[in-house]
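Chain identifiers are assigned alphabetically (A, B, ...) following the order of the sequence lines, protein sequences preceding nucleic acid strands; residue numbering begins at 1 within each chain.
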2 protein chains.
Amino acid sequence: MPRPLSPEILDQIAGRFRVLAEPARLRILYSLMGGERSVTELVEETGLSQANVSKHLGLLRRARFVDRRKEGLYAFYHVSDPSVETLCEIMCGRLEAQLAEQVALLEAVS
Amino acid sequence: MPRPLSPEILDQIAGRFRVLAEPARLRILYSLMGGERSVTELVEETGLSQANVSKHLGLLRRARFVDRRKEGLYAFYHVSDPSVETLCEIMCGRLEAQLAEQVALLEAVS
DNA sequence: CAACTATATAAACAGATAGTAATGTATCGA
DNA sequence: TCGATACATTACTATCTGTTTATATAGTTG
């Protein structure tokens, strides 16, 4: 039973989905799920360029998916939205279910 | 505790998020949450053009979020992925939480 | 202060995609 | 068979955005 959703709300929801709709940002989030990371550490773990990582982090932070703690020269980021992991798990679960479906179909043929 | 996610899996998850990252498609999905709809009905309810709706429905169907039942001249679509509603609710819930946070901050100032 | 490091930002380019207009395809009724 | 209807598809354009390169900012160390 969905509650009434105005076009403005749908725009905002779509915007939040869009932030997660990028492999690079999911890679960053996935690293951050292992705990707090500096930008340099994220660059190493993801293989992305420093400018690129900073830009993605800015987006993720503006969307409130992550937050930042500055310490001297470093900036440490961490996931601030507990729903991120749930969202990814749901998506991943559906992928698995669909894959299993495909396999079942193929086996039914043979 | 996230399970290990390969870059390929992350690409696929991102792709699925991208399908939901569009206000027009969320509008369509939201209509379909009210039950099965023909393309024409969706055009009326969403205010989008027929070509546009058909295109979005094609995408949603390829991503297995919706499925189609053809009956004579008509094509009836319905949500085939129960997780869609959950995903949207989580996103919507976060929006509300953040809005409440903003309000609390503003009140703390005054 | 000067050199160095970590991060952020700006400009520019390339690739992706939403929307439209036009056309195609299939089904129904006269 | 002809016209009309419902839907799908194609070609095209405009817009958006991810990436890179270069530069700016700010903290640290000598």
Please write out each protein N/O paired with an N/O of nucleotides 3-6 of chain D under 3.5 Å, distance rounded to 0.1 Å.
unit_1: dA6(D); atom_1: O3'; unit_2: Leu73(B); atom_2: O; d: 3.4

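A heavy atom lying under 4.0 Å from DNA chain C marks the following residues of residues 46-55 of chain B, by number: Ser49(B), Ala51(B), Asn52(B), Lys55(B).
Nucleic acid contact for Tyr77(A): sugar-phosphate only, since backbone atoms but no base atoms lie under 4.0 Å from a heavy atom of the residue. Among the protein residues, Leu42(A) comes within range of no part of the nucleic acid, since none of its heavy atoms lies under 4.0 Å from any strand. No engagement by Arg61(B) is indicated, since no non-hydrogen atom pair under 4.0 Å with the nucleic acid exists.
Using a cutoff of 4.0 Å between basic side-chain nitrogens and carboxylate oxygens, Arg27(A) and Glu22(A) are not scored as salt-bridged.
If you take CD of Glu41(A) and P of dA6(C), they are 11 Å apart, rounded to a whole angstrom. Computed from coordinates, the Arg25(A) CZ to dT17(D) P distance equals 9 Å when rounded to whole Å. In this structure, CD of Glu22(A) is placed 8 Å from C1' of dT17(D), rounded to the nearest angstrom. Taking atom CZ of residue Phe76(A) and atom P of nucleotide dA6(C), one finds them 11 Å apart after rounding to whole Å. One interatomic measurement links the two molecules: CZ of Arg18(A) to P of dC16(D), which rounds to 10 Å at whole-angstrom precision. Atom-to-atom, CZ of Arg62(B) to P of dA8(D) comes out at 11 Å; the value is rounded to the nearest Å. In this structure, His56(A) atom NE2 and dG18(D) atom P are separated by 6 Å, rounded to whole Å. Across the protein-nucleic acid pair, Leu59(A) atom CG and dA10(C) atom P stand 14 Å apart, rounded to whole Å.
Side-chain contact, Glu44(A) with Thr40(A): no donor N or O sits under 3.5 Å from an acceptor N or O.
Judged purely by atom type and a 3.5 angstrom limit, Arg16(B) uses its side chain to pair as donor or acceptor with the backbone of Ala63(B). Not one N or O on the side chain of Arg25(B) forms a donor-acceptor pair closer than 3.5 Å with the backbone of His56(B). Using a distance-only test at 3.5 Å, with no hydrogens or angles considered, a donor-acceptor pair links the side chain of Arg37(B) to the main chain of Gly35(B). The backbone N or O of Ala21(A) sits less than 3.5 Å from a side-chain atom of Arg18(B), completing a donor-acceptor pair.
Close to dT7(C), at under 4.0 Å from its OP1 or OP2, lies no side-chain N or O of Arg68(A).
Ile90(B) pairs with exactly one of Ile13(A), Thr86(A), Val84(A) by the side-chain contact (heavy atoms from CB on, under 4.5 Å) rule, that one being Thr86(A).
Considering all non-hydrogen atoms of both residues, Arg94(A) and Ser80(B) come closest at NH2-O, 4.1 Å.
When the side chains of ILVMFWY residues are joined at heavy-atom separations under 4.5 Å, either directly or via intervening members, Leu10(A) and Leu59(B) end up in a single hydrophobic cluster.
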